[in-house]
Amino acid sequence: MSDVILEARNIHKAYRMGAAQVSVLKGVDLKVNAGEFLAVIGASGSGKSTLLHLFGGLDRADQGSVLFQGKDLTRLGMGGLNRFRNRDAGFVFQFYHLLDELNILENVLVPVMAGCSVGAWLSCRAQARIKAQDLLGRMGLKDRLAHKPYQLSGGERQRVAIARALINDPVLLLADEPTGNLDSATGNSILEVFEQLNRDGQTIVMVTHDARIAHQATRTIQLVDGKIRQGLSEPNLS
Amino acid sequence: MLQLILAIKYMFKRRIASLAVLTVALSVFVTLVVLTVMHGLLAGWKDVNHALVGDCVVGTESLVGFAYYDELMTRLEALPDVAAVSPVVKTYGLFTETSTGYSNGIEVMGIDPVRHAKATEFARFLHYRSDQVGQVFDAVGDANRPGCAFGVDCVLMRDQNGEYPFSDFLWPRDYDVTCFPLTARGVLKRSGVGEVSTKRFTLTDTVHSGLPKNDDQVVYVALHEAQQLSGMDLPVPRISALHIRFREATTINQGTQETASVFEAFKQDCAGRNLAFLLDTVHVQDWKRYCRAMIAPVEKEELALVFMFVLVGLTTVFIVLVIFYMIVSHKSKDIGTLKSMGVSSIQIMGLYWLFALMIGSLGAGLGLGGGWLFLSRMNGVEAWLFEKFHFQLFNRAMFAIDEIPHDIDVSMVVLIGLFALVSCLTGALIPAWQAARLQPAKTLQVSQL
Amino acid sequence: MLKLLLWLKYLCKRKLVLLSIAAVALSVALLIVVASLFSGFIQAYEQSAEDLIGDVLLQSDVAFPHYEVLAHKLETLPEVEAAVSVMLTPGLLHVGKGHVRYVQIFGLDETRLNDMPSLKRSLVHRSQDQNLSFDVPDHADSIGGFVGVGLLTEPNEVTDQYDFDLANESMGDQLALTSGTVDHETQTSQAVAQSPRSRTLKFRVSDIVFAGHSQFDSEAVYLPLSPLYKALYQTDEVKVKRMQIRLAEGADAGAAIEAMKRQWAAFVREQKLSVYCQFYTAKDLQADYMQELNKQMAILLSVFSIVDVGVIFLVFCIFYMIVHLKRKDIGVIKSCGCSSWGVVSIFLGFGMFVGVIGSLFGMGLGYLFTHNINTIEQWIAAAFGLNLWDSSVYLFSQIPNRINWSSAAQISGYAILAASIGALIPAILAGRMQPVDILRYE
């Protein structure tokens, strides 16, 4: 039996839309095991991205708790949440969200720089650069280190985003529609990267609206109307 | 570290940052140039007043003057803070140029030139004998004829370039100076006869201070001559004022207070003496108060300038605010991304403040550098403009300056630079705070992109 | 209609637009304050000259008699409101025992005191009198005179305010005035070096002058012309060299002077005089100085206009950003059939709109600042411990606080133009956008 590293207990989340209150999550319970590749599927507006934001500490639940390695994220202060996002979780977004002003290598190094002071950065810079180059090499971008994000294709940009998410060796990789903005061939190559990472032991939670893509995960759950639809939280066989 | 790198990248990659730098540089440039020139003009004006008057004046407006001044001088000279004291007679009369018969009203200043040069910077304004101030009233040729030094505008006319046609040698010209001699009670001596005192002087030097009131209305003569003319010589000698210079280490306030207390004590000791009542109209004033009629409008103008630059500062703050607001609203996605990677709100705020600091430093640097360059070349440019187009920024006949002031005051540079930095930080404050408050989950929502 | 609707929507929804309006407003306010302060200073100088010499000054080379005849002649002209003969001479005022002050004595035609409104305004007691006179109550036989407040009391060392109670104690007191007369002063223009003779005149203080102008307040004594002249020159035939002329409302100074020259020629002919005279307007006498001040103002305004260039850039950036953010709207509008020019005019018109609103606010702000500048000055003075002079200062007891509306209108016009120029390029960019490029997803 694998260890549970992430657990959602009865989480609720609502947003204000003008005068109306829209409930997005209505009591979600979910466990993610270490080394698991979990896909969350659902229609647009079903609450998948919200769930991912709550898992990543980007947002706070109105009710319920999110436990990461036994620690309740909802009880963490701002500093604790910042540390969690910097060290323990890595994000991959649908629109890559690379910083236009920085080149590829610098983009990958952002989480390292964010997590250390000037002094610390000067002492660990060489090591971090080697690691970033290595990661980019694994993503097939060894020759593009000095390029700017806008000089890369969509697939390449997403690989940079993945390298950036992995630079601090996070326990958890969170991906929000990572292939949603790519053609199917490029999307497949990105999924292969995820599969490879998962095979190397990386825990991944991926949100998608495409059941075909979700099929690549080791387990799939479906969100319907802010709740997990029972009967689909089985491990995928393929 | 990330803040530094991103701030530098923002600085050089975002065109709008150069706009902010340009705005700050322009404001700093304008402020430095205008304040240096105007402050130079105003400071020059004050300086001349100070130089003519000394640090402090114990004197009366009454044309009768006051007596026992030698005793007061002895007491004042004994003060450790007093460097020099000069007795002065100030009265009004009429001068007539003997060769042409031209006559006009004039203010007569009687001074002991050596003492006066120690208590004030009188010697600096003499054209011919500033190095031999002791001989300023010695007439060439006739040793018995007393000399006089007229304000330059009384005897010379500026040419079209605003220059005085000084010759190497001052041709002797004679002037009759006429005054009403007054008794100590203030009535005319020999008033029944209706006579006045007249004495003939030879022009021995000119005084050019740059103050119109001084240069076209004053004649300096030896102290005893003025005393005779005004009736202050007998039976007890009187003067109008003592001009005092304090030692370097003494502040004007401190020296003036000390002088005032010595004067009060002196006044009490004189009570009961015949002419003690003349001390009632005597005041002890520092040079600023003594010259207030000249300085006050200048101070008002200086204050009006300060207002204008406060507004320039406000506009700069505002432009920086708008630019930062634009940057932040343009960069909300990046802020969300950074926050998703664990960058804290304080770090985000620090990033924008660092950016503002860079803009402020670069803008202030450029503005100050440009201002310095402009100021150092300004007189050359003005000379060229005058030569080619006959355009003068400051009409020399009005402003009595040789060149436009361009000496940069280091403290002003520092102050303007700091003000620019503070303006930028203030302008960036609200946008930086807004950026720090951005919720990553909201900015990264697909619908927000 | 669509344009108006979009302007309103953008105006209400985009904080950036409000910021650009505020930027325009601030720069307009800045320039208005600068222009108003400077033109205020210039006006104050002009006013001081007019107070001193009237609108036009008649100055002859030699003193002439029968000045009342000339005054009547001049006053028959429609351009002339009043002509007051004035004699100006320096003197010594014996204020008390051992206290003698240098003064400027103004001998004024006593029948025309009401025609000197600026003097009347500055009198402490008689400023509201219907028929202003030098008369001293209870001393019908004495000569009365107006004395500057600074001759009767000294300003307080701390507050720089005159003690009017103390000055009022001198009301009715007899003072002695001494002046010298030189014969050539009245007889001939050819200078003949002669010693002046001293003459003394006693008069009583009938009012106190407080003009807020140190030169007058601390040096001026006003006396009736005839007794003054008689005392100085020991003759009954009063002559003057100077006449201050106040023009009728709206009269052209040039035309008035031409008419007055003709009257003067007739007067000289009738009286068989051989006197030459010149007419100067107050502005003529100050022309060099005014020109210099106006030049300074122009330079300062152009220097500050550099700040306006910054505002053009700012409006450009803001509009560029709005166009960028509103790309989708532009696509939609164009797909609904709006022409490129239509889109350009939306943004260009909006720029102008921002300029107009900003200018209006700027005018308001400039007005508020200028109007309250003396209060603000006091705050600043208190905050920085500046030494401020009050009553005894030369020329200005206050910083001028009147708005120069013509400059304000001009500055606003430039600001609207600047905002429109700033909006021009973004508007053209918006107009050139292709809907298909904008609406295509990625």
Side-chain angles (χ1 to χ4, degrees), chain A residues 13 15 44-45 49-50 52-54 56-60 78-103 106-107 109-122 124-125 148 161 164-165 167-168 170 174 176-177 180-181, chain B residues 1-18 20 323-324 326-355 357-359 433 435-449:
Chain A
K13 182 72 186 174
Y15 291 110
S44 178
S49 290
T50 305
L52 200 74
H53 289 160
L54 294 176
L58 289 182
D59 211 347
R60 286 180 192 273
M78 283 311 291
L81 270 182
N82 288 336
R83 262 191 304 281
F84 164 73
R85 292 200 292 250
N86 188 245
R87 304 262 159 86
D88 301 324
F91 266 100
V92 178
F93 301 102
Q94 179 181 357
F95 293 104
Y96 337 120
H97 293 332
L98 300 177
L99 304 187
D100 293 338
E101 285 80 9
L102 305 183
N103 65 27
E106 287 165 336
N107 260 295
L109 287 170
V110 165
V112 186
M113 289 191 271
C116 61
S117 64
V118 177
W121 165 250
L122 289 177
C124 72
R125 188 177 57 169
K148 288 286 162 61
R164 180 180 67 185
I167 187 77
N168 274 344
L174 302 167
D176 189 357
E177 301 269 15
N181 207 25
Chain B
M1 187 63 213
L2 177 68
Q3 290 132 297
L4 190 66
I5 290 179
L6 270 180
I8 293 172
K9 296 279 179 185
Y10 280 177
M11 186 80 201
F12 296 104
K13 293 289 157 77
R14 301 212 54 86
R15 264 171 295 177
I16 195 157
S18 41
I323 288 171
F324 270 81
M326 284 168 68
I327 291 172
V328 168
S329 37
H330 217 146
K331 285 279 149 195
S332 59
K333 182 199 75 169
D334 283 11
I335 295 163
T337 312
L338 287 171
K339 282 198 160 184
S340 77
M341 285 181 279
V343 177
S344 69
S345 300
I346 292 174
Q347 280 176 308
I348 297 279
M349 199 148 163
L351 161 66
Y352 282 94
W353 264 34
L354 202 63
F355 186 25
L357 204 66
M358 280 181 183
I359 286 178
W433 185 65
R437 272 173 34 119
L438 278 179
Q439 295 292 325
K442 279 191 188 146
T443 54
L444 295 176
Q445 271 172 11
V446 174
S447 58
Q448 294 288 318
L449 300 174

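Within every chain, numbering begins at 1; the chains are lettered A, B, ... in the order of the sequence lines, protein sequences first and strands thereafter.
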Quick check: are there more than 12 heavy atoms from other residues, nucleotides or ligands sitting under 6.0 Å from CD1 of B:I346? no

Over 12 foreign heavy atoms within 6.0 Å of CZ, A:R60: yes

So, taking the atom named CH2 in A:W121 and the one named CG in B:L4, what distance separates them when rounded to the nearest 0.5 Å? 11.5 Å

Using 0.5 Å steps for rounding, measure from the CG atom of A:N82 to the NZ atom of B:K339. 8.0 Å

Restricting to pairs with a member in residues 2-11 of chain B, which pass salt bridge (Lys or Arg N to Asp or Glu O under 4.0 Å), not counting sequence neighbours? A:E106-B:K9

Of A:V112, A:I167, A:V110, A:N168, which meets side chain to side chain contact (heavy atoms under 4.5 Å, CB included) against B:M341? A:V110

Option passing side chain to side chain contact (heavy atoms under 4.5 Å, CB included) with B:D334 (candidates A:L102, A:L98, A:L99): A:L99

Please report the closest heavy-atom contact between B:S340 and A:F91, naming both atoms and the distance. O-CD1, 3.8 Å

So which residue, A:R87, A:R164, A:M78, ends up with the most heavy-atom pairs under 4.5 Å with chain B? A:R164

Per-residue contact mode, B:L338 against chain A (heavy atom under 4.5 angstrom): side chain

B:S18 meets the side-chain hydrogen bond (donor to acceptor under 3.5 Å, both in side chains) criterion, sequence neighbours left out, with none

